[in-house]
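Throughout, a chain's letter reflects where its sequence line sits, starting with A, and its residues are numbered from 1. Everything numeric here is computed off the predicted structure, so don't read it as measured data. For the numbers below, each heavy atom of this structure counts, side chains included, while hydrogens, waters and symmetry mates do not.
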4 protein chains.
Amino acid sequence: MPLSEKQRENMKRKRTLILDVATELFATLGYEGTTIKKVSEAAEISFGSVFTYFKDKEALFYAVVVEPIEAFKNDVLSFNPESEEPLIELKIMIDRHMTIYASLQNYLMIVVQIIGQHNKYPEAFAKLDAFHDQFREKVKRLVENGQNKQVLIDQDPMTVATMYTSLLSGLRINSVDSRYSAFQGSFNETTMQLFGPIKQ
Amino acid sequence: MPLSEKQRENMKRKRTLILDVATELFATLGYEGTTIKKVSEAAEISFGSVFTYFKDKEALFYAVVVEPIEAFKNDVLSFNPESEEPLIELKIMIDRHMTIYASLQNYLMIVVQIIGQHNKYPEAFAKLDAFHDQFREKVKRLVENGQNKQVLIDQDPMTVATMYTSLLSGLRINSVDSRYSAFQGSFNETTMQLFGPIKQ
Amino acid sequence: MPLSEKQRENMKRKRTLILDVATELFATLGYEGTTIKKVSEAAEISFGSVFTYFKDKEALFYAVVVEPIEAFKNDVLSFNPESEEPLIELKIMIDRHMTIYASLQNYLMIVVQIIGQHNKYPEAFAKLDAFHDQFREKVKRLVENGQNKQVLIDQDPMTVATMYTSLLSGLRINSVDSRYSAFQGSFNETTMQLFGPIKQ
Amino acid sequence: MPLSEKQRENMKRKRTLILDVATELFATLGYEGTTIKKVSEAAEISFGSVFTYFKDKEALFYAVVVEPIEAFKNDVLSFNPESEEPLIELKIMIDRHMTIYASLQNYLMIVVQIIGQHNKYPEAFAKLDAFHDQFREKVKRLVENGQNKQVLIDQDPMTVATMYTSLLSGLRINSVDSRYSAFQGSFNETTMQLFGPIKQ
DNA sequence: TATGAATGAGCGTTCATTCAT
DNA sequence: CATGAATGAACGCTCATTCAT
């Protein structure tokens with residue numbers, strides 16, 4: 001007797017709930033500071049139930065890190081590196097990335113922890129790294145396009161791409177103390193400078 | 001019976017030794033992954049001795065984080081915001097910062113962890129934050145100087161300063177995977193773009 | 001609505017299947033090492049079904065231990081203590097017992113565990129003990145018969161019976177390492193010596 | 001500053017105490033039924049102290065099993081297989097073994113559990129097995145000696161040795177229910193029968 | 001009857017901290 | 001001051017059992 005549709009639905013919701021509260025806790029308290037007990041209490045389920053949905057703490061952490069990647073991947077990569085108007089494309093891209101990164105508060109805090117301890121979380125780190133490489137590569141192509149069309153000054157395109165993604169990460173880090181929002185408007189224009197736009 | 005000079009010397013060396021091995025361990029294994037036993041073994045002293053020099057684990061961590069600040073503070077802040085040649089000053093400053101950050105491998109790994117977990121380490125975070133504010137403020141003044149002398153384009157100076165320090169941090173983070181060294185030469189010129197240098 | 005004949009059959013088969021796989025697992029992994037989940041997987045039935053057939057884990061274990069007793073009881077006790085030819089009867093009996101014990105590999109492993117932990121499994125142990133007493137008593141009568149007919153030397157009959165059954169158990173124990181088969185032919189003759197046969 | 005002699009003494013006593021209460025508990029409750037908490041309570045020390053003396057539960061169990069071997073090895077093997085009077089040597093040997101086995105109540109209960117679950121305790125089992133082989137081999141040599149001197153009937157000496165050690169183990173097992181003492185006097189003479197003594 | 005998600009007590013183990021020596 | 005044994009709270013995890021479907 002397989003599970004009814006309703007039960008299946010319920011489980012899906014429960015799993016998502018666990019992931020949500022775990023994301024919050026991992027971001028706030030770190031991997032070690034987050035205990036299964038705290039997760040179960042925050043999700044208002046029993047201790048043992050966490051293990052029904054995730055084999056162990058590591059699997060829960062891995063899911064928290066990896067599953068969102070697919071969700072925001074499309075958003076982050078939704079720019080056209082072959083655009084006829086690279087400068088405009090760039091501007092739109094920066095806007096979008098600032099918005100996305102501003103919304104990923106908790107998630108990025110976890111990312112920072114993984115990078116700071118990447119030896120401890122090799123699988124999760126590998127996934128993030130793979131995404132990052134893809135991201136950087138696509139930015140590079142847009143930079144090349146802009147340079148070819150002579151609307152961007154000549155710089156090593158991969159260097160520019162690396163610095164752009166680094167800046168996004170760095171802004172996130174430097175914004176933790178919430179005394180100032182990292183992602184205010186003036187940031188976008190200064191970020192554009194990195195690409196060396198040529199005034200027409 | 002007061003301690004002899006020799007004893008005093010010896011204790012000082014022991015304390016420094018503990019801090020050094022602890023820095024390495026905290027950077028590599030994280031706060032929770034670093035145990036007092038591991039520290040004592042790496043320093044080849046007895047377990048109990050660690051507590052002779054540091055009240056508890058937290059105090060050791062705090063010392064590891066805070067004490068080096070004074071040491072590199074002077075280096076990092078050794079640029080002249082009132083320079084007559086802001087562009088040249090900027091270039092020299094970037095060079096120096098890149099060099100310093102490249103040499104602080106372990107320490108910056110710990111900084112990343114603290115920022116990612118700032119709620120957990122409020123005092124250490126506050127110290128780092130205070131330094132960061134001072135750093136940013138001084139960069140801002142150099143930017144203002146450059147803009148006044150019309151060798152830098154007009155942008156909000158604080159924004160530029162924030163993005164510069166963010167970029168330094170972000171580069172550090174994105175360099176962990178050792179496939180590429182974050183601090184290669186081409187980075188310096190692209191970094192300069194952020195400030196919007198005006199071609200003469 | 002009563003169960004159909006077919007359903008009843010099906011349930012009987014399922015119950016036997018559970019007992020079989022549980023015997024194998026209890027023998028190999030011990031009581032604690034055997035989990036209901038493993039039993040259900042080995043029997044290719046659902047986890048919950050095990051509880052349909054056995055109230056709890058203890059009941060399953062009890063059934064595994066006690067139910068086979070009836071099955072081999074007749075075999076083990078099928079010798080005639082009043083035989084006119086006690087020496088021949090003895091030889092046949094030893095042969096049969098060696099054969100039976102050699103075939104009860106898994107079961108005897110469980111018996112050994114129960115005896116080693118008899119405080120933990122009092123009911124199961126009591127059943128085994130009762131059988132053992134009956135067994136020993138019947139052997140004793142055959143020994144008395146042989147002594148009366150002066151084909152066995154004079155020894156305390158109960159002592160001989162006890163040592164005989166002890167030897168059967170002990171052989172089983174010493175045979176676990178499968179480097180030598182405990183139940184090879186030469187054993188039977190040496191076993192016979194225990195009874196003190198008088199050469200005619 | 002190394003530990004003082006007194007402290008060393010104290011630790012030795014504590015370690016022995018833990019081994020003693022653990023032996024009792026393992027024999028009575030089995031490996032799984034024995035918890036570190038129970039051990040610490042029985043030894044009247046703190047929970048954590050058990051781990052000061054034994055790395056983990058498995059190491060404690062291993063020590064309980066292996067360390068006594070050396071202690072009784074000499075006793076068990078203290079017979080002369082080349083004796084000029086094999087029959088007398090045999091009688092003395094049996095007496096001694098009966099006495100030793102009768103005194104190893106708890107220990108032999110543990111041995112039985114290990115044999116019954118030898119896959120689970122491979123190292124401990126290997127040690128016991130090695131001792132058993134040595135034991136059996138030496139008994140075999142005494143049997144050969146007796147056969148050569150024609151005071152024992154001709155039987156395969158290794159078979160006789162195997163059955164003798166099996167009988168010792170089996171008696172131990174069959175004596176658990178304390179309704180009768182396995183090691184009463186009459187046992188020794190019947191045991192002697194196994195070797196096939198030739199009346200002079 | 002069959003199923004498997006839900007539960008939480010209880011386990012082994014770690015480790016910061018204390019303190020007698 | 002140096003040492004390391006002693007302590008026990010807190011962790012991750014397992015699994016027999018229950019029960020809604």
Q: Would you kindly give the OH-to-P distance between A/Tyr31 and F/dC11, to the nearest whole Å?
A: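 To the nearest whole Å, that distance equals 14 Å.
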Q: Nearest whole Å is fine: how far is E/dT3 C1' from A/Asn10 CG?
A: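 The distance from CG of A/Asn10 to C1' of E/dT3 comes to 16 Å, rounded to the nearest Å.
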Q: Under 4.0 Å between a side-chain nitrogen and a carboxylate oxygen: does that hold for A/Glu9 and A/Arg13?
A: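 Salt bridge between A/Glu9 and A/Arg13, a charged N being under 4.0 Å from a carboxylate O: no.
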Q: Expected output is a numbered-order residue list: members of residues 33-62 of chain A with a heavy atom under 4.0 Å from any atom of DNA chain F. What is it?
A: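 The stretch gives A/Thr34, A/Thr35, A/Ile36, A/Phe47, A/Phe51, A/Asp56, A/Lys57 as the residues lying under 4.0 Å from the strand, ordered by number.
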Q: Can you tell me how far P of F/dT14 sits from CG of C/Leu29, to the nearest Å?
A: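 Going from CG in C/Leu29 over to P in F/dT14 covers 16 Å.
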Q: Applying salt bridge (Lys or Arg N to Asp or Glu O under 4.0 Å), name anything that partners A/Glu58, two or more places apart in sequence or on another chain.
A: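 Salt bridge (Lys or Arg N to Asp or Glu O under 4.0 Å) check on A/Glu58 returns nothing, list empty.
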Q: I want to confirm an ordering. Mapping D/Glu32 and D/Lys6 to their closest nucleotides on DNA chain E, which one lands closer to the 5' end?
A: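 Closest to the 5' end, via its nearest nucleotide, is D/Glu32.
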Q: When Watson-Crick pairs (N1 to N3 and N6-O4 or O6-N4) and G-U wobble pairs (N1-O2 and O6-N3) count only below 3.5 Å on both distances, what is the dot-bracket string of DNA chain F, with | for other-strand pairs?
A: .||||||||||||||||||||
Q: Between D/Thr23 and D/Val65, is any pair of side-chain heavy atoms under 4.5 Å apart?
A: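 Not in contact.
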Q: Quickly work out the D/Gln7 CD to E/dA20 P distance and round it to whole Å.
A: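 Rounding to the nearest Å, CD of D/Gln7 and P of E/dA20 are 12 Å apart.
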Q: Who passes side-chain hydrogen bond (donor to acceptor under 3.5 Å, both in side chains) against D/Ser46, sequence neighbours left out?
A: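 Counting only residues at least two positions away or on another chain, D/Ser46 forms a side-chain hydrogen bond (donor to acceptor under 3.5 Å, both in side chains) with D/Ser49.
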Q: Looking only at heavy atoms, what is the nearest atom pair of C/Val112 and D/Gly116, with distance?
A: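 Closest approach of C/Val112 to D/Gly116: CG1-CA, 4.1 Å.
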Q: Are C/Lys120 and D/Glu32 within salt-bridge range, i.e. N to O under 4.0 Å?
A: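 Looking at D/Glu32 together with C/Lys120, the answer is no, because their closest N to O distance does not fall below 4.0 Å.
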Q: May I ask you to test the D/Thr52-D/Lys14 pair for a side-chain heavy-atom distance under 4.5 Å?
A: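 No - every pair of side-chain heavy atoms lies 4.5 Å or more apart.
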Q: Give the rounded distance in Å between these two atoms: NZ of C/Lys12 and C1' of E/dT1.
A: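 Checked: the NZ to C1' distance equals 18 Å.
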Q: Starting at atom CZ of B/Arg13, determine the distance to atom C1' of F/dC1, rounded to an integer number of angstrom.
A: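 B/Arg13 atom CZ is separated from F/dC1 atom C1' by 15 Å.
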Q: Quick one: A/Arg8 CZ to F/dA20 C1', roughly how many Å, whole number?
A: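 To the nearest whole Å, that distance equals 16 Å.
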Q: Go through the structure and list residues passing salt bridge (Lys or Arg N to Asp or Glu O under 4.0 Å) with C/Glu44, not counting sequence neighbours.
A: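 Testing C/Glu44 for salt bridge (Lys or Arg N to Asp or Glu O under 4.0 Å), a comparison that skips the adjacent residues, returns none.
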Q: Who passes ring pair (Phe, Tyr, Trp, His ring centres under 6.0 Å) against B/Tyr121, sequence neighbours left out?
A: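 Listed in chain order: B/Tyr31, B/Phe61.
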